[in-house]
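Remarks on the structure that follows.
Heavy-atom basis, side chains included; hydrogens, waters and symmetry copies ignored.
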Amino acid sequence: MPQTEAQGAGNGGISGHRLFGGPGSRPRWWTELPLILLVYGAYSAGRLLARGDVTTAVDHGLAILRAEKALNLNLEHPLNRWFTAHASLGVPADFWYASLHYLVTPLILIWLFRSRAVHYTAARTWLMVSTLIGLVGFSLMPTCPPRLLDASHGFVDTMAQYSDWGWWGGQASAPRGLGGMTNQYAAMPSLHVGWSLWCGVMLWRHGRTPLVRAAAVAYPLLTTIVVMGTANHYFFDALAGIAVMLVGLLLVRPVRRGADRAKARLAPVLAAVLPGRASPGGDSPSPGGAESAGGGRAGGRPVGVGAATSVTHASVVSGGCQTSAGERIPHQRKPGAEPGAKPGGKPGGRSRGPKGTRPAGRPADAGDGAAATAGGAART
């Protein structure tokens, strides 16, 4: 292998540090899981801390509703009436809203981690950055969802209406008794829609069958209908969720470059503290370590011209094992066991040939050339 290829394959620099994994290497689950849990914990805690004033949240909700009516985009009104009138639609929609958000997204993350490891890191970064942007939106613009507006505005909370059918309570999509621990005014943007869009893009890009491609389109579309029909989000909330994902996608490369720079500064410290964890450098062949295929040159120098000090072909024999120069793993072969060796030959299995010739299979070295030159000079 050329020296440049060997160095590239075994580069043990910062990018090749085992604690992080090199570019294109498989991510480590023991570093990914804490990172995901940390971001999700920050997201959940941030939602609780960003509750804001209820009056302000209601004002924001009414402002969104007025803007939608002015543009004839208040799609949540007819959908909510439809889901309220038909339990066969409302109950599955409530299960969809309360469950799939927390099931489908982690399952697709696991699928990417196991089967599409090359694309996993960028996909995970996109999801996390967008989630944190959504948290900023909750903090800056607390918004009352349609279901919590006064009944005069024509909305019905389907999750409260069908709470006897599911595991959630009448307050929110949280389990019964835990509704007070959620921020019910974190409606803008809708990360239900944002996360479902991320799932759809992942299924479309990395899926292989028409069924998976159909699910990639259906899942975000149906989620958008569900969040409006259950009166949990406005149509503008859904659009904001899509916008958040687009901004997050644009920030993936800058965030990854910043992470790489942070790793570049941290890896030498870790390598000094944990030297055994750093991956060793590539085993690049030494100059002149082998003869080229057709030129009779070793290490770029002519055979027999001052190369005797750079090439050594001596064999090491110990304990019945013979290791020739250049071998990485000793072969368990007895002295004299090489093909063509005569019985009773010398240790190392070399057979004596005519004077001045090399044994078969032995590469030319500087010693042969030097000896031949010296012998010719002596005879003259």
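Residue A231 comes nearest to P145 through the heavy atom pair O-CB, 4.2 Å, listed as atom of the first residue, atom of the second, then distance. The minimum heavy-atom distance linking P220 with A215 is given by the pair CD-O, 4.3 Å. Residue E76 comes nearest to L73 through the heavy atom pair OE1-O, 4.2 Å, listed as atom of the first residue, atom of the second, then distance. Across every non-hydrogen atom of V201 and W126, the tightest pair is CG1-CZ3, 3.9 Å. Looking at every heavy atom in both residues, L112 comes nearest to A123 through CD1-CB, 3.8 Å. Closest heavy-atom contact between G207 and W111: N-CH2, 4.1 Å.
Remark: side-chain polar atoms of T209 are paired, donor with acceptor, to backbone N or O of V212 under 3.5 angstrom. A donor-acceptor pair under 3.5 Å is formed between the side chain of H192 and the backbone N or O of Y97. Between the N232 side chain and the V227 main chain, no donor and acceptor come within less than 3.5 Å of each other. Listed for the S196 side chain is a donor-acceptor partner under 3.5 Å among the backbone atoms of V193. Using modelled atom types, no side-chain atom of R253 and backbone atom of L251 make a donor-acceptor pair closer than 3.5 Å. Counting only distance, with no hydrogens or angles, the side chain of H233 and the backbone of A238 share no donor-acceptor pair below 3.5 Å. Judged purely by atom type and a 3.5 angstrom limit, H60 uses its side chain to pair as donor or acceptor with the backbone of P142. In this structure a side-chain-to-backbone donor-acceptor pair under 3.5 Å is missing from H206 to H119. Distance alone, capped at 3.5 Å, is enough to place a donor-acceptor pair between the D237 side chain and the Y234 backbone.
Contact annotation: the side chain of Y185 approaches that of L148 to within less than 4.5 Å [non-hydrogen atoms, C-beta and beyond]. The shortest side-chain heavy-atom distance between E68 and L75 does not fall under the 4.5 Å cut-off. Using a 4.5 Å heavy-atom cutoff, the side chains of F95 and V91 are in contact. Contact check for L62 versus L149: side-chain heavy atoms found under the 4.5 Å cut-off. The closest side-chain heavy-atom distance from R147 to V156 is not below 4.5 Å. In this structure, F155 and T84 have side chains that are not in contact, with every pair of non-hydrogen atoms separated by 4.5 Å or more. Side-chain contact check for V104 versus Y219: some heavy-atom pair is nearer than 4.5 Å. R256 is listed as a side-chain neighbour of T121, based on a closest heavy-atom distance under 4.5 Å.
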### Task
Test side chain to side chain contact (heavy atoms under 4.5 Å, CB included) on Y120 and I110 and set out the steps.
CA-CA 9 Å; Y120 168 80; I110 295 172; over 6 Å; no
### Query
Please walk me through it: do T224 and L197 pass side chain to side chain contact (heavy atoms under 4.5 Å, CB included)?
CA-CA 9 Å; T224 303; L197 177 63; over 6 Å; no
### Task
Assess whether side chain to side chain donor-acceptor pair (under 3.5 Å) is satisfied between T131 and W195, documenting all intermediate values.
CA-CA 8 Å; T131 300; W195 284 15; 3.1 Å; yes
#### Entry: side chain to side chain contact (heavy atoms under 4.5 Å, CB included) between L71 and F236, worked out
CA-CA 11 Å; L71 298 173; F236 280 3; 4.0 Å; yes
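Between the side chains of W198 and S130, no donor-acceptor pair is found at a separation under 3.5 Å.
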